[in-house]
Amino acid sequence: MQITRPRGTNDFLPEITAKWQEVEALLRCLCREYGYGEIRTPLFEDTELFSRGVGETTDIVQKEMYTFADHGGRSMTLRPENTASACRAYIENKLYGGVQPVKLYYLGPMFRYEKPQAGRFRQFHQFGLELFGSAAPAADAEVISFAWDLYHRLHIKGLQLKINSVGCPACRPAYKTALQDYFRPYLGELCATCRDRFERNPLRIFDCKSEICRRIGAEAPLLLDSLCPECGEHFTAVQELLTTAAIPFELNPRLVRGLDYYTKTAFEIEVAGIGAQSALCGGGRYDGLIEEIGGTPTPAVGFALGMERIFAALAAQNDDIETTGCLDVYIISGMDKRLKQAAFALACRLRGSGISVEMELGDKSFKAQMKAADRLQAAWTVIFGANEFAAGQAAVRNMASGEQIELPIEDIRGYLMQH
RNA sequence: GUGGAUGUGGCGAAGCGGUUAACGCACCGGAUUGUGGCUCCGGCACCCGAGGGUUCGAUCCCCUUCAUCCACCCCA
């Protein structure tokens with residue numbers, strides 16, 4: 001039986017990774033502009049970090065984690081997201097002791113045991129920001145503008161920024177009760193999953209796609225209408241900042257994030273055309289998370305984006321990332337051992353000068369080597385033949401023009417450097 | 001976890017219960033014993049996803065399984 005890659009994972013080949021590197025370079029460039037420094041946390045953590053941080057009731061914790069016992073009997077989990085780890089690191093490394101806010105970014109693989117489909121994988125890659133230690137609305141706006149800025153620089157069109165406020169411990173519980181009071185009479189009419197959601201997380205009933213639940217939910221009270229003064233003012237301030245920054249947004253009172261740790265601002269940026277998983281990124285404020293996992297109460301905002309979805313969006317819009325990777329020189333040589341050795345030595349010397357060089361490692365025919373040079377789109381070929389070599393020379397051929405000159409071997413490097 | 005579609009050589013793609021599984025592209029070699037992009041010639045599937053079964057006989061029929069894609073759920 002042929003061994004294949006695990007379900008929901010990908011082999012990214014050079015043609016693809018070249019594009020990833022371009023996007024990653026842009027991300028790092030933006031991080032420099034916005035003042036975020038990279039953090040790299042372990043790919044696996046104590047299981048409890050996620051069950052507490054992400055939330056026991058979430059789908060991620062209940063059925064999507066790659067959990068295993070290590071040889072010491074500790075329960076470990078492959079990270080399903082990076083925010084909990086970043087918070088843990090913030091506490092563990094006492095980053096609260098320095099200048100606030102602390103602004104971090106991460107980029108790397110995450111793991112969730114889900115059934116793959118368009119835009120969803122078991123190992124996928126997220127880039128994300130975490131801004132610790134500021135409760136200011138401007139912090140929320142900065143994080144949102146980063147995401148907005150990024151997609152614009154990638155020329156992704158048709159973006160929809162949706163924002164909402166999911167309240168805080170001061171206003172959400174009362175709202176939850178009010179919501180349950182509203183839905184209780186209709187309990188029998190709701191779909192099976194929503195009946196389940198009714199107890200666990202009634203907010204999510206708004207997310208239901210079933211006709212009946214939608215209709216019933218349409219009349220339900222909105223959290224936006226019952227935010228406490230603090231959350232209300234905060235949300236208004238965030239909207240004002242977005243407006244002054246000319247970032248168009250859409251208020252979506254039904255936007256509910258799937259992770260338990262969100263408070264106040266929640267946002268999402270979507271595009272059409274990449275399948276059912278249309279969110280390019282999602283994030284918001286999580287003022288309670290650091291305390292939840294053992295730190296002192298610290299306000300924080302952040303967001304995460306899916307790398308794969310960036311490429312899905314670009315593909316859907318027939319756009320692509322430009323990469324440069326043309327070959328400078330292909331060295332051709334005859335079969336003779338001394339010719340091969342001279343060719344190899346020249347390859348080493350040229351590479352040391354920053355010139356990209358390919359050569360036939362085995363013993364393909366002259367014609368086959370020429371063909372290979374053509375196919376690799378080499379700008380130049382250097383040809384080691386017996387006659388020239390006897391005179392200490394080799395032929396240098398410009399592949400585009402077909403012009404060819406003979407040069408002393410020691411002069412080739414200088415000649416190529418000038419052209 | 002549930003549902004739908006698909007699974008033929010590196011890629012795309014015919015095919016039919018029956019002796020040697022089309023074709024195109026790619027790849028390799030040759031036509032010029034030292035020179036590319038064109039042309040011509042030749043080579044390239046003993047496993048037709050895997051395992052069973054039906055049949056005189058199955059790539060084509062049945063069952064199972066695996067994988068891929070898409071959707072639900074949920075999310076990046």
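Lettering of chains follows the sequences in order, A, B, ..., and the numbering in each one begins at 1. Please read these numbers as outputs of a predicted model, since none were measured by experiment.
A donor-acceptor contact under 3.5 angstrom links the side-chain atoms of A:Gln404 to the base of B:U35. Side-chain atoms of A:Gln117 come within donor-acceptor range of the base of B:C73, with a qualifying N/O pair under 3.5 Å.
Salt-bridge annotation for A:Arg88 and A:Glu45: present, with a side-chain N of the basic residue lying under 4.0 Å from a carboxylate O of the acidic one. Taking a cutoff of 4.0 Å between a charged side-chain nitrogen and a carboxylate oxygen, A:Glu308 and A:Arg120 do not qualify as a salt bridge. Using a 4.0 Å cut-off between charged side-chain N and carboxylate O, A:Arg153 and A:Asp149 make a salt bridge.
Which of B:A76, B:C73, B:C70 sits closest to the side chain of A:Lys63 comes down to B:C73. Listed candidates were B:C69, B:A71, B:U35. Nearest to the side chain of A:Ala276 is B:A71. Checked against B:A76, B:U68, B:C70, the side chain of A:Arg7 finds its nearest nucleotide in B:U68. Comparing B:C73, B:G36, B:U35 by their closest approach to the side chain of A:Met399 singles out B:G36. Closest approach to the A:Pro116 side chain among B:C28, B:C72, B:C69 is made by B:C69 (side chain taken as heavy atoms from C-beta onward). Among the nucleotides B:U35, B:G37, B:A76, the one closest to the side chain of A:Asp374 is B:G37. Of the candidates B:C72, B:G36, B:C27, B:G36 carries the atom nearest the A:Lys371 side chain, counting heavy atoms from C-beta on.
The 12-atom threshold is exceeded at NE2 of A:His419, counting heavy atoms of other residues, nucleotides or ligands nearer than 6.0 Å.
Figure legend. B:A71 is base-paired to B:U2; pairs are counted as Watson-Crick or G-U wobble with both atom distances under 3.5 Å. Searching all strands for a Watson-Crick or G-U wobble partner of B:G9 with both distances below 3.5 Å returns nothing. When both pairing distances are held under 3.5 Å, B:U64 makes a Watson-Crick or G-U pair with B:A50. Pairing of B:G42, defined by two Watson-Crick or G-U wobble distances under 3.5 Å, is identified with B:C28. Across all strands shown, B:C56 is found opposite B:G18 as a Watson-Crick or G-U wobble partner, with both distances under 3.5 Å.
Judged by distance alone, the side chain of A:Arg112 and the main-chain N or O of A:Glu64 form no donor-acceptor pair under 3.5 Å. A:Glu81 places a side-chain N or O within 3.5 Å of a backbone atom of A:Ala84 that can act as its donor or acceptor partner.
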Under a 4.0 Å heavy-atom criterion, the protein footprint on nucleotides 38-45 of chain B, written with B, S and -, is --------
I need a per-nucleotide contact map over nucleotides 1-10 of chain B, read 5' to 3'. Cutoff is protein heavy atoms under 4.0 Å; write B for the base, S for backbone only, - otherwise.
BBB-------
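A:Glu388 comes within 4.0 angstrom of a base, heavy atoms only. Contact annotation for A:Phe121: base contact, defined as any heavy-atom pair under 4.0 Å involving a base atom. At a threshold of 4.0 angstrom between heavy atoms, the contacts of A:Arg375 are confined to the sugar-phosphate backbone, with no base atom among them. Counting any heavy atom pair closer than 4.0 Å across all strands shown, A:Ser365 reaches sugar-phosphate atoms only and no base atom. Using a 4.0 Å heavy-atom distance criterion, A:Gly119 is classed as a base contact.
Each salt bridge (charged side-chain N to carboxylate O under 4.0 Å, His left out) pair with one or both residues in residues 348-365 of chain A, not counting sequence neighbours, would appear here, but there are none.
Distance check on atom C1': B:C48 versus B:A14 gives 13 Å, rounded to whole Å. Using P as the reference atom, B:C44 and B:U2 are 46 Å apart when rounded to the nearest Å. Using atom C1' as the reference point in both B:U55 and B:C62, the two lie 12 Å apart (nearest Å). Rounded to the nearest Å, the gap between the P atom of B:G49 and that of B:A13 is 15 Å.
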